[in-house]
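The structure under discussion appears below in the form of structure tokens.
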Amino acid sequence: MVYEAIIIGGGPAGLSAALNFGRGMRHTLVIDDHNPRNQVTDESHGYLTQDSISPSLFRQRAANDVKKYDAVEQIHDRVIDIMKQDQLFYVTTQNSSYTAQQVLIATGLRESLPTIDNIENFYGKSVFYCPWCDGYEMRNKTLAIINPTQAIMHLAKIVTNFAKEIILFTDGTDILDQADKQLLKKKQISIYYQKVLGMKGQHGEVTALQLDNGIEIPIEGAFTYVHWDTDFGFLQSLQVEREESGKLKVDSLGQTNIPGLFVAGESKENFAGQLIDAAANGGMTAKMMMMQQFEKEFTSD
Ligand SMILES: Cc1cc2nc3c(=O)[nH]c(=O)nc-3n(C[C@H](O)[C@H](O)[C@H](O)COP(=O)(O)OP(=O)(O)OC[C@H]3O[C@@H](n4cnc5c(N)ncnc54)[C@H](O)[C@@H]3O)c2cc1C
């Protein structure tokens with residue numbers, strides 16, 4: 001069987017695309033390995049009608065919406081390779097292989113945490129990276145901002161809106177310029193330039209940061225930097241063009257230089273956004289993909 005589209009990734013981008021493909025009655029396969037990066041947290045915020053929902057319930061509801069449409073199949077598997085021959089894509093997974101006219105990559109981001117002892121016990125519970133997602137829940141607390149880049153000033157401006165007090169940790173760098181240092185001094189915001197070695201606390205609630213000079217600084221929560229990239233190992237057989245940043249080069253429809261190969265959601269941006277952005281982009285990209293199919297079908301003999 002040749003699917004009209006294969007979607008790799010069953011997060012909000014992939015499932016929103018799948019919903020649209022289902023409603024367009026296109027034979028579609030969603031392949032997802034059930035490993036989203038937001039599985040570490042208990043609540044997702046800011047998605048209209050779904051505010052504070054657990055990430056797993058959000059995905060279950062999204063998958064149920066898609067199940068209503070017979071044209072779409074959803075399977076649990078991991079894509080490891082894609083080849084293209086004679087206008088068709090051959091998608092290999094760990095367990096099988098599938099053929100499609102088009103492929104949508106909606107695989108999100110690969111995330112890794114900074115090397116701070118015990119951070120994994122608190123990340124997603126009282127330590128986050130996105131104040132737009134979790135700032136409200138962390139309101140009126142003493143919050144650490146841990147970031148070794150100039151983005152620390154940008155975060156300071158946002159997190160100040162929510163916090164009782166902010167404390168900056170540059171994690172071993174001296175990244176701030178004189179003007180920033182003076183501004184922070186004027187606002188009586190403390191800065192620590194030491195490396196952050198560890199986090200202390202219990203039951204997911206962080207209570208202190210341990211610095212490499214032996215000092216412990218009490219806090220009630222933190223916004224930390226994390227590392228992101230895209231895990232596109234499965235594209236090794238295709239000559240997909242990338243920008244210098246590593247982002248896939250795409251046209252205004254989300255199509256790569258390989259005709260029929262599209263990308264949506266965070267894997268398109270190569271940067272973190274929010275559920276609602278990923279879902280909106282997945283839905284729009286599916287419509288662009290279907291339009292390409294309709295054009296071809298309508299104009300062929
Ligand atoms: C701690 C934390 C808190 C967050 N809080 C919020 C919040 O409150 N509000 C909000 O809007 N957003 C929040 N986010 C961000 C949100 O999770 C992302 O914006 C959103 O999930 C991105 O959607 P996506 O579909 O692009 O990718 P994902 O949701 O990451 O989905 C990608 C899917 O692709 C699958 N996949 C990857 N590679 C393969 C492969 N080779 N084969 C098969 N499947 C594959 C993965 O398993 C995953 O299921 C948070 C994120 C984190 C980490």
Side-chain angles (χ1 to χ4, degrees), residues 6-19 29-60 62-63 66 74-82 91-98 103-113 119-120 122-138 204 221-236 248 254 262-286:
I6 287 180
I7 299 170
I8 311 172
L15 289 177
S16 172
L19 181 65
L29 177 67
V30 182
I31 307 173
D32 182 64
D33 72 349
H34 298 188
N35 191 25
R37 67 189 185 88
N38 66 350
Q39 64 195 325
V40 296
T41 196
D42 298 329
E43 289 186 1
S44 288
H45 308 109
Y47 196 117
L48 211 60
T49 77
Q50 306 294 319
D51 190 38
S52 303
I53 192 171
S54 78
S56 58
L57 184 57
F58 181 94
R59 284 167 70 95
Q60 198 185 312
V66 173
Q74 302 180 59
I75 60 162
H76 180 186
D77 205 343
R78 182 167 178 81
V79 171
I80 53 173
D81 190 45
I82 309 176
V91 176
T92 307
T93 64
Q94 281 172 341
N95 301 310
S96 193
S97 58
Y98 304 92
V103 169
L104 175 62
I105 302 165
T107 48
L109 294 174
R110 176 167 55 187
E111 180 169 274
S112 55
L113 296 173
I119 187 169
E120 64 285 354
F122 306 104
Y123 184 60
K125 297 182 175 64
S126 59
V127 175
F128 299 94
Y129 72 88
C130 166
W132 299 116
C133 301
D134 301 291
Y136 179 83
E137 283 64 36
M138 303 297 285
F223 285 92
T224 181
Y225 68 105
V226 294
H227 302 285
W228 295 304
D229 68 356
T230 40
D231 188 5
F232 287 153
F234 55 82
L235 291 179
Q236 74 240 343
L248 298 183
F262 290 72
V263 58
E266 288 186 339
S267 48
K268 177 181 172 200
E269 300 307 325
N270 199 11
F271 198 74
Q274 290 194 292
L275 298 165
I276 202 156
D277 306 315
N281 186 238
M284 180 53 78
T285 309

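Note that ligands are numbered from 1 as they come in the structure, with each ligand's atoms numbered from 1 the same way.
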Nearest non-hydrogen partners of Ala17 and Leu104, listed with the distance: CB-CD2, 3.4 Å
Using every non-hydrogen atom in the two residues, find where Ala264 and Thr285 come nearest and quote the distance to one decimal. CB-OG1, 3.7 Å
Do the side chain of Glu266 and the main chain of Gly273 share a donor and acceptor less than 3.5 angstrom apart? yes
With sequence neighbours excluded, residues passing side chain to side chain donor-acceptor pair (under 3.5 Å) with Asp77: Thr93, Asn95
Thr230: side chain to side chain donor-acceptor pair (under 3.5 Å) partners, not counting sequence neighbours: none
Any residue meeting side chain to side chain donor-acceptor pair (under 3.5 Å) with Asp134, in chain and number order, not counting sequence neighbours: His45
Distance under 4.0 Å, heavy atoms only, partner ligand 1: which residues pass? Ile8, Gly9, Gly10, Gly11, Pro12, Ala13, Ile31, Asp32, Asp33, His34, Asn35, Pro36, Arg37, Asn38, Val40, Thr41, Ser44, His45, Arg59, Asp77, Arg78, Val79, Ala106, Thr107, Gly108, Glu111, Tyr123, Tyr129, Cys133, Asp134, Phe234, Gly265, Glu266, Gly273, Gln274, Leu275, Ala278
